[in-house]
Amino acid sequence: MKAPADYLSHLNPAQRSAVEHFCGPLLVVAGAGSGKTRTLTYRVAHLIRNHSVDPENILAVTFTNKAAREMQERIQLIFAQQLAEQTYSHPLESLPLQEQTALRSRAYKRYIKPLWMGTFHSLFARLLRFDIDKYRDEKERKWERNFTIYDESDAQSLVKNIVTRQFDLDEKKFDPRSIRYAIGNAKNLGHSPQDFAREQQNYRGRVIGEIYDAYQTRLAENNALDFDDLLLVPARLFEQNESILGYWHDRFRHVLVDEYQDTNRIQYRLIRLLSTNGEPHRDRWSWQQRSIFVVGDADQSIYSFRMADFKILLEFQEDFGDGLPDDDTRTMVKLEENYRSRSNILEAANALIELNTERIDKVLRPTRGCGATIYCYKADNELVEAQFVRDRILDLRRADPELDWGSFAILYRTNAQSRALEDALRSEIPYIIVGGLKFYDRKEVKDALAYLRALVNPADTVSLLRIINTPRRGIGQATVDRLVAAARELGMPLWHVLQDETSVKTLAGRSAKAVQRFALTLQTWQSQVTERSAAEILDGILSDSGYYSDLQNQGTDEATSRLENLKELANAVIQFAEENEDLSLEGFLANASLASDLDNLEEGQQAVSAMTLHSAKGLEFPVVFLVGLEQGLFPHNRAIDDPAALEEERRLCYVGITRAREQLFLSFTRERRLWGMAREPALQSQFLQELPSELLESNIVPQRLPRKSVERDRPTVGTVSATAAIQNWQIGDRVIHQTLGPGEVTLVMGEGAKTTLGIKFPGLGTKIFDPKFAPMRRVEASAN
DNA sequence: AGTACTGACTTTTTT
DNA sequence: AGTCAGTACT
């Protein structure tokens, strides 16, 4: 999307009224593809440009870091264009490149850098770097500003350690994963360990309550927070400290939230506190020079598993509105025109979502004509399904060289499904798997990050334990156990014990020496944390710790690839330093745990994207393959018996369908093998039956040979639009189209009445048609 | 005391 | 692909 300086003329009336809204609350109900990002972007620019709002008074919450970055780039462009007009009275594009760059960088410094724009987690992590030292929880636990952020796997291993080591419980009965999940749910409802304990009726619940309490203690000991704390702690801090809330309330006069339907109670609390300064009484709220602007679509709410609740969106007007009779028009705008998808794709999406009971009525109105019929493919198994996807991509691309690899997306319900797809694509099609096994989940990357964390935050025992004997340096389990026991007895962090000569001397000579050496290496680099750049420290600690040389000595292919991944990490460090003008290690680490794979998905990248439906939210592609439409997989087994969960799966399917601009392929398999089990027979997803059958063509009913349908190989007479009805189409056939002129068939899909054609028009590219409806006729049969 | 190897197990979705 | 428990070897 371009971001022209005269953006208002590019908006429809509803979008425009949203952009021009200044003070007070506004809910923008924005259906898929309705220009939501555009509206949000222009509104931020508009606030600054037309209402003279200082960028540092704006807080904009996006769903991914990538979305934030893209929005920042667009706003930057708008202001660079404005600066060009003001300074040179010429459009930006007409200036010498050097000037353009200079103006862009001026726009960045003045308008983008002071903006607070990002995910809930990254924004409030940033806020905590200022104020967390003023926070005390109900048990007087406290944190320092250099806290570490534990990702989900760090958090889980901490829980596991507590369950097995501290509580000596059976890991099978108290599965760390589900306990961590229970803790997370409690946190996302805003419940402390004490709140949680109070609600428990049974033994298991009370034990989990104690684990939760111990978990918080351990987090505090490690000066660490998990993802949920990044939201819960600021909410608590705001509630216990009026002056801190007052400061941020005053700072963030204009709050914008994207994807509001996927907000959870804690996130809502944060937004509410910041907007109203914690005033419980509506008559004390003042919207003078303030606004709260949220954008969302209840039909695309797909994160209830992490406690998101789309009722928060439905209740927005009641929450923030002034309750006046004309409430609807004053505090809500609906964007219902869809600019993205072909009308038939939209029709399918609308029909599906209407089966949900819990929703506000809203239809997406198409602005684009009908495209190729949605095709549904039944495969024998997941390998054949993958081959189908591969072959269609190759066909379509051959038919239209202008379709690049980046035009295709493959969407699935679970990450596990990517395996078979990868095998089929690998040799012939460039692809990227978004999400799944993330870069930051690689062993060597986690090791390297643990080294860095141990330098920035020596209290972080979890990281310290990860690297204390990685690579092997003669500090075995027995030694580690002793050190940890000593730390507990002395009531000090492990790190102090490692540095303490008298403690270390009690160990066997060889182990003592190894521990001493390790401690010395860390100390050396700790003293450099504020002296040197993150890149230098990373290289230094991995060299001095022997991590590099250990991998080099192994000399295996695997070790080589690990070294390459570390090089990539080094690049990420440098890139971060450049983009954020921040060379510090602390700066880099603060962001590393919050970065997701999706953030690296660049537009126009020359690769097919494969990802889960959840990851696909907010994205769009000309051609979309929605695979694995089988009962039990999608909708997932765990959702089938629960009406609310089933509706969420249906919304997920709706999200998938509405990602497609031009063409949509659906597929399922007759049997599927998941994680090495025997093949399981599969039934097609109920969602397939829920789509209007007249919008679909498929291979489900076995088709007879083409010859037999040729009996009606005569153009239907009389109708304007059906002059090219059922015929035996071949690649190379020539046609004349009523509006597009002469063209050549480059692709034939399906047979008989279900044929879809790709036709190339010189100078106009390739279009996809259903010959039953396209206003065109065949002029000459192909030579063969 | 430390290391090296094997086999079992893991996946619903994510910041 | 990684982690972890178990086991045998140095």
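Each chain gets a letter, A, B and so on, in the order its sequence line appears, and its residues count up from 1.
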Q: If the test is salt bridge (Lys or Arg N to Asp or Glu O under 4.0 Å), which one of A/Arg180, A/Arg306, A/Lys187 qualifies with A/Asp228?
A: A/Arg180
Q: Just wondering, do A/Leu688 and A/Leu666 contact through their side chains at under 4.5 Å, heavy atoms?
A: yes
Q: Do the side-chain N or O atoms of A/Ser615 get closer than 4.0 angstrom to the phosphate oxygens (OP1, OP2) of B/dT13?
A: no
Q: With A/Gln300, which residues qualify under side chain to side chain contact (heavy atoms under 4.5 Å, CB included), at least two apart?
A: A/Ala32, A/Gln261, A/Asp297, A/Tyr654, A/Val655, A/Arg659
Q: For A/Arg265 and B/dT15, give me the distance from atom CZ to atom P, rounded to whole Å.
A: 22 Å
Q: By ring pair (Phe, Tyr, Trp, His ring centres under 6.0 Å), which residues pair with A/Phe130, not counting sequence neighbours?
A: A/Trp248
Q: For A/Phe576, what residues pass the ring pair (Phe, Tyr, Trp, His ring centres under 6.0 Å) criterion, not counting sequence neighbours?
A: A/Phe588
Q: Between C1' on B/dT14 and NZ on A/Lys187, what's the gap in Å once rounded to a whole number?
A: 16 Å
Q: Which of residues 116-131 of chain A have a heavy atom under 4.0 Å from DNA chain B?
A: A/Thr119, A/His121
Q: So if I define the base as every atom that isn't primed, P, OP1 or OP2, how would nucleotides 5-10 of chain C read as a B/S/- string at a heavy-atom cutoff under 4.0 Å?
A: ------
Q: Please determine whether the number of non-hydrogen atoms from other residues, nucleotides or ligands lying under 6.0 Å from atom CG of A/Leu683 exceeds 12.
A: no
Q: Touch check for A/Thr479, heavy atoms < 4.0 angstrom, all strands: base, sugar-phosphate only, or nothing?
A: sugar-phosphate
Q: Using the ring pair (Phe, Tyr, Trp, His ring centres under 6.0 Å) criterion, which residues pair with A/Phe687? Sequence neighbours excluded.
A: A/Phe634
Q: Sequence neighbours excluded, which residues qualify as salt bridge (Lys or Arg N to Asp or Glu O under 4.0 Å) partners of A/Glu630?
A: A/Arg672
Q: Tell me whether the OP1 or OP2 atom of B/dT15 has a side-chain N or O from A/Asn65 closer than 4.0 Å.
A: no
Q: Less than 4.0 angstrom between a side-chain N/O of A/Asn188 and OP1 or OP2 of B/dT15, yes or no?
A: no
Q: Nearest to the A/Glu558 side chain among C/dG2, B/dT14, B/dT11, which nucleotide is it?
A: C/dG2
Q: So is the aromatic ring of A/His636 stacked onto the base of B/dT12, judging by whether the centres are under 5.5 Å apart and the planes are under 30° apart?
A: yes
Q: Rounded off to whole Å, could you give me the CZ-to-P distance for the A/Phe63 and B/dT15 pair?
A: 8 Å
Q: Among side-chain atoms of A/Thr414 and A/Gln417, is any donor-acceptor pair under 3.5 angstrom?
A: yes
Q: Between atom CG in A/Asp229 and atom P in B/dT15, what is the gap in whole Å?
A: 18 Å
Q: Of all residues at least two apart in sequence or in a different chain, which pass the side chain to side chain contact (heavy atoms under 4.5 Å, CB included) check with A/Tyr181?
A: A/Asn185, A/Phe305
Q: On DNA chain B, check which nucleotide each of A/Thr612 and A/Arg473 is closest to and give me the residue with the more 5' one.
A: A/Arg473
Q: A/Arg562 near the nucleic acid: base, sugar-phosphate alone, or nothing, with a heavy-atom cut-off under 4.0 Å?
A: sugar-phosphate
Q: Kindly state which residues belonging to residues 463-472 of chain A come within less than 4.0 angstrom of DNA chain B, counting heavy atoms of the residue only, listed by number.
A: A/Asn469, A/Arg472
Q: Counting only side-chain heavy atoms from C-beta out, which of C/dT3, B/dA1, B/dT14 sits nearest to A/Ala478?
A: B/dA1
Q: Just to verify, what does A/Asp500 make a salt bridge (Lys or Arg N to Asp or Glu O under 4.0 Å) with, not counting sequence neighbours?
A: none
Q: Could you tell me how far apart A/Glu152 (CD) and B/dT15 (P) are, to the nearest whole angstrom?
A: 11 Å
Q: Looking at the side chain of A/Phe227, which of B/dT14, B/dT15, B/dT11 is the nearest nucleotide?
A: B/dT15
Q: Mind checking salt bridge (Lys or Arg N to Asp or Glu O under 4.0 Å) for A/Arg651 and listing every partner two or more places apart, or none if nothing turns up?
A: A/Glu648
Q: May I ask you to evaluate whether A/Arg177 reaches the phosphate of B/dT11, defined as a side-chain N or O under 4.0 Å from OP1 or OP2?
A: yes
Q: Given the P atoms of C/dA5 and B/dT11, what is the spacing between them in whole Å?
A: 15 Å
Q: List the residues meeting side chain to side chain contact (heavy atoms under 4.5 Å, CB included) with A/Ala486, not counting sequence neighbours, and say none if there are none.
A: A/Val497
Q: Quick one: A/Glu649 CD to B/dT13 C1', roughly how many Å, whole number?
A: 8 Å
Q: From the list B/dT14, B/dG2, B/dT12, which nucleotide is the closest neighbour of the side chain of A/Arg638?
A: B/dT12
Q: Tell me: CE of A/Met307 to P of B/dT12, nearest whole Å?
A: 17 Å
Q: Answer yes or no: does a side-chain N or O of A/Arg413 lie under 4.0 Å from OP1 or OP2 of B/dT11?
A: no
Q: Does B/dT15 have its OP1 or OP2 closer than 4.0 Å to a side-chain nitrogen or oxygen of A/Thr64?
A: no
Q: Please tell me which of the listed nucleotides, B/dT12, B/dT14, B/dG2, lies nearest to the side chain of A/Ser511?
A: B/dG2
Q: Given atom CD1 of A/Ile475 and atom C1' of B/dG2, what is their separation to the nearest angstrom?
A: 12 Å
